[in-house]
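Below: the structure, in structure tokens.
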Amino acid sequence: MTDHASSPHAGPNFVAQMIAEQIRTGEHAGEVITRFPPEPNGYLHIGHAKSICLNFGLAERFGGRCRLRFDDTNPEKENQEYIDAIQADVRWLGFEWDGAVRFTSDYFDTLYDYALHLIENGDAYVDELSSEQARAYRGDWNTPGKNSPYRDRSVAENLAAFEKMRTGAFAEGQAALRAKIDMASGNMNLRDPIIYRIRHASHHQTGDAWCIYPSYDFAHGQSDAIEGVTHSICTLEFEDHRPLYDWFLDHLPVPARPVQTEFGRLNLNYTITSKRKLKRLVDERIVDGWDDPRMPTISGIRRRGYTPAAIRGFCQTIGVSRSDGVIDASVLEAAVRDDLNHAAARAMCVMDPLKLVLTNVDADTVEQLSAPGHPNRDDLPERHLPFTREIYIEREDFREQANKKYKRLVLGKKVRLRNAYVITANDIVTDDAGEIIEVHCTYDPDTLGDNPADGIKPKGVIHWVSASHGKQALVREYDRLFAAPHPGRGAGDFLDDLNPASLTVHRGCWIEPGLADVTPETRVQFERIGYFVTDRYDHAPGAPVFNRVVALRDTWGKIDADRA
Ligand code: ATP
Ligand code: MG
């Protein structure tokens with residue numbers, strides 16, 4: 001993988017600067033071990049891409065290692081589908097983790113021993129307050145909490161009660177193991193946090209071996225320590241948890257001491273980066289699954305036609321800082337335009353066809369014209385464009401009358417067909433309703449790559465496809481899923497801000513014949529329209545289905561400017 005560190009578009013990355021300094025001063029003996037620690041309770045989204053690029057990127061840059069660990073402490077919300085999807089997404093982004101996939105559940109035995117260790121040292125107790133009582137005892141920002149009446153149980157009593165928890169003698173919520181820290185702490189996370197709770201649930205990795213599960217806070221830092229992670233990188237909301245993680249490390253016989261560094265989450269406007277909300281979109285069937293091309297999930301963005309390089313480039317551009325911010329959706333869209341402008345071959349597609357009859361071409365004539373695969377890459381194959389008597393152009397590219405600003409085909413005037421000849425529109429044919437169904441034209445055979453002999457140069461160039469030799473395609477025009485920059489901001493539900501026009505399906509589009517047989521996930525630029533990809537699942541050679549990745553130009557910028 002290339003290191004983008006020297007890219008002129010790379011934003012600052014304070015974590016990389018910090019590690020470079022640590023290496024310079026001999027800290028960590030130069031060793032850098034990071035991890036990406038998702039909970040398998042949903043698909044990864046674009047926010048996770050930032051964390052993946054950061055963790056894997058640091059390991060690459062400093063000759064270290066990055067692991068993939070599933071923080072799987074909530075059996076009811078997690079499942080194998082998510083585990084598989086997350087691995088596929090990380091690999092698709094272009095990263096490979098060090099060694100086998102790891103699971104926090106691999107350490108359930110050790111974590112259980114750690115819990116016993118705390119109990120034996122008088123640092124943890126089994127509480128039997130109900131959850132309402134526990135809430136009342138906890139206090140709030142202004143009021144210190146009160147000690148639970150169970151807080152001063154003896155070690156023996158606690159060991160016995162914890163054993164009862166482990167063997168399933170308690171119902172869920174009847175008891176919990178809590179760290180004995182400080183109920184009056186100004187940091188709520190230190191008010192005797194729960195470290196083990198009862199869940200009578202099967203776990204996707206450990207089956208029915210356990211009915212007690214460690215809390216995320218108790219598992220996360222210790223798992224990093226067990227794995228010898230040197231740099232525990234996480235998002236800012238965990239800053240207030242760091243004193244708790246340090247307390248655990250101080251009170252447990254852990255084999256190593258990871259150091260946590262927090263960075264600002266990625267927030268993108270016009271979208272949401274919360275698995276919980278994304279799951280609602282899926283569960284309420286507002287979108288067609290986690291990988292719907294409108295979803296900000298990695299698998300959705302992939303189906304939409306984004307490339308791994310575009311996403312990595314985007315993460316480079318935005319950089320890594322110590323504060324949260326909102327990135328404009330146009331920055332991500334610009335990243336994919338940048339990438340596809342170079343990567344995608346050119347092609348022609350007529351989305352809303354109007355038939356043109358070239359009356360000076362014979363019905364059985366097929367002239368094979370050719371066109372470059374790309375304007376400035378000669379490694380892409382030339383395209384073959386059959387030029388025939390009947391062709392299609394976009395309905396919006398013809399008018400009976402127009403002023404000078406309209407640089408397309410007008411009755412009685414000329415236009416150039418892209419990669420082909422100059423034509424003149426002579427006549428129209430209408431149906432009973434007065435709608436134009438055909439335009440009769442003549443072509444000028446001397447104009448392939450040349451201007452007309454009469455010296456009158458047509459102002460416009462329009463795209464076209466042979467009506468007899470082109471192929472039909474279904475084209476799905478995707479747009480942003482939300483119409484508001486901050487979905488759900490204000491009183492409403494985030495679903496109130498959905499963009500009603502996030503998907504427009506165009507049936508009966510016409511594509512140049514060479515495109516009908518491409519494989520799924522082939523990206524092209526439909527000239528004058530935008531970037532498109534053949535759908536990963538729904539496209540088949542001979543039955544083409546294209547998704548719009550992004551329009552050629554940003555149209556939302558103006559909407560935002562008007563809104564401001
Ligand atoms: P969500 O809020 O969507 O549920 P999460 O933080 O609970 O996300 P995890 O599975 O715990 O999801 O995330 C794995 C890693 O990805 C964590 O280290 C987390 O900090 C990081 N991460 C999650 N969301 C973002 C984001 N928007 N920007 C940067 N990193 C993120
Ligand atoms: Mg989380």
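Order of appearance sets the numbers: ligands from 1, and atoms from 1 within every ligand. Only heavy atoms go into these numbers, but all of them, side chains included; no hydrogens, no water, no symmetry mates.
A heavy-atom separation below 4.0 Å is not found between F238 and ligand 1. H48 counts as a contact of ligand 1, since one of its heavy atoms falls under 4.0 Å from the ligand.
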Quick one: do V15 and H231 satisfy side-chain contact (heavy atoms from CB on, under 4.5 Å)? Show the steps, please.
CA-CA 10 Å; V15 188; H231 296 80; 5.7 Å; no
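A salt bridge does not link R135 to D140: none of the charged nitrogens lies less than 4.0 Å from a carboxylate oxygen. A salt bridge does not link D71 with R35: every distance from a Lys NZ or Arg NE/NH1/NH2 to an Asp or Glu carboxylate oxygen is 4.0 Å or more. A salt bridge is absent between R294 and D479: the closest approach of a Lys/Arg side-chain nitrogen to an acidic carboxylate oxygen does not fall below 4.0 angstrom. Between R302 and D89 there is no salt bridge, since none of the side-chain N atoms of the basic residue sits less than 4.0 Å from a carboxylate O of the acidic one.
Heavy-atom contacts of E39 reach the following atoms of ligand 1: 9 (P), 10 (O) (cutoff under 4.0 Å). Listed by atom number, the atoms of ligand 1 under 4.0 Å from F36 heavy atoms are 14 (C), 15 (C), 16 (O).
A donor-acceptor pair shorter than 3.5 Å cannot be found between the side chains of H117 and D113.
In terms of polar-atom proximity, I233 is not counted as a contact of ligand 1, lacking any N or O under 3.5 Å from an N or O of the ligand. Between P38 and ligand 1, not a single N/O pair is under 3.5 Å apart. Here's the thing with T235: one of its N/O atoms is less than 3.5 angstrom from an N/O atom of ligand 1.
The shortest distance between side-chain heavy atoms of V32 and R61 does not fall below 4.5 Å.
The heavy atom nearest to atom 6 (O) of ligand 1, out of those in K275, R35, E262, R265, is found in R265.
Residue contacts with ligand 1 for H45 involve side-chain atoms from C-beta outward but no N, CA, C or O (heavy atoms, distance under 4.0 Å).
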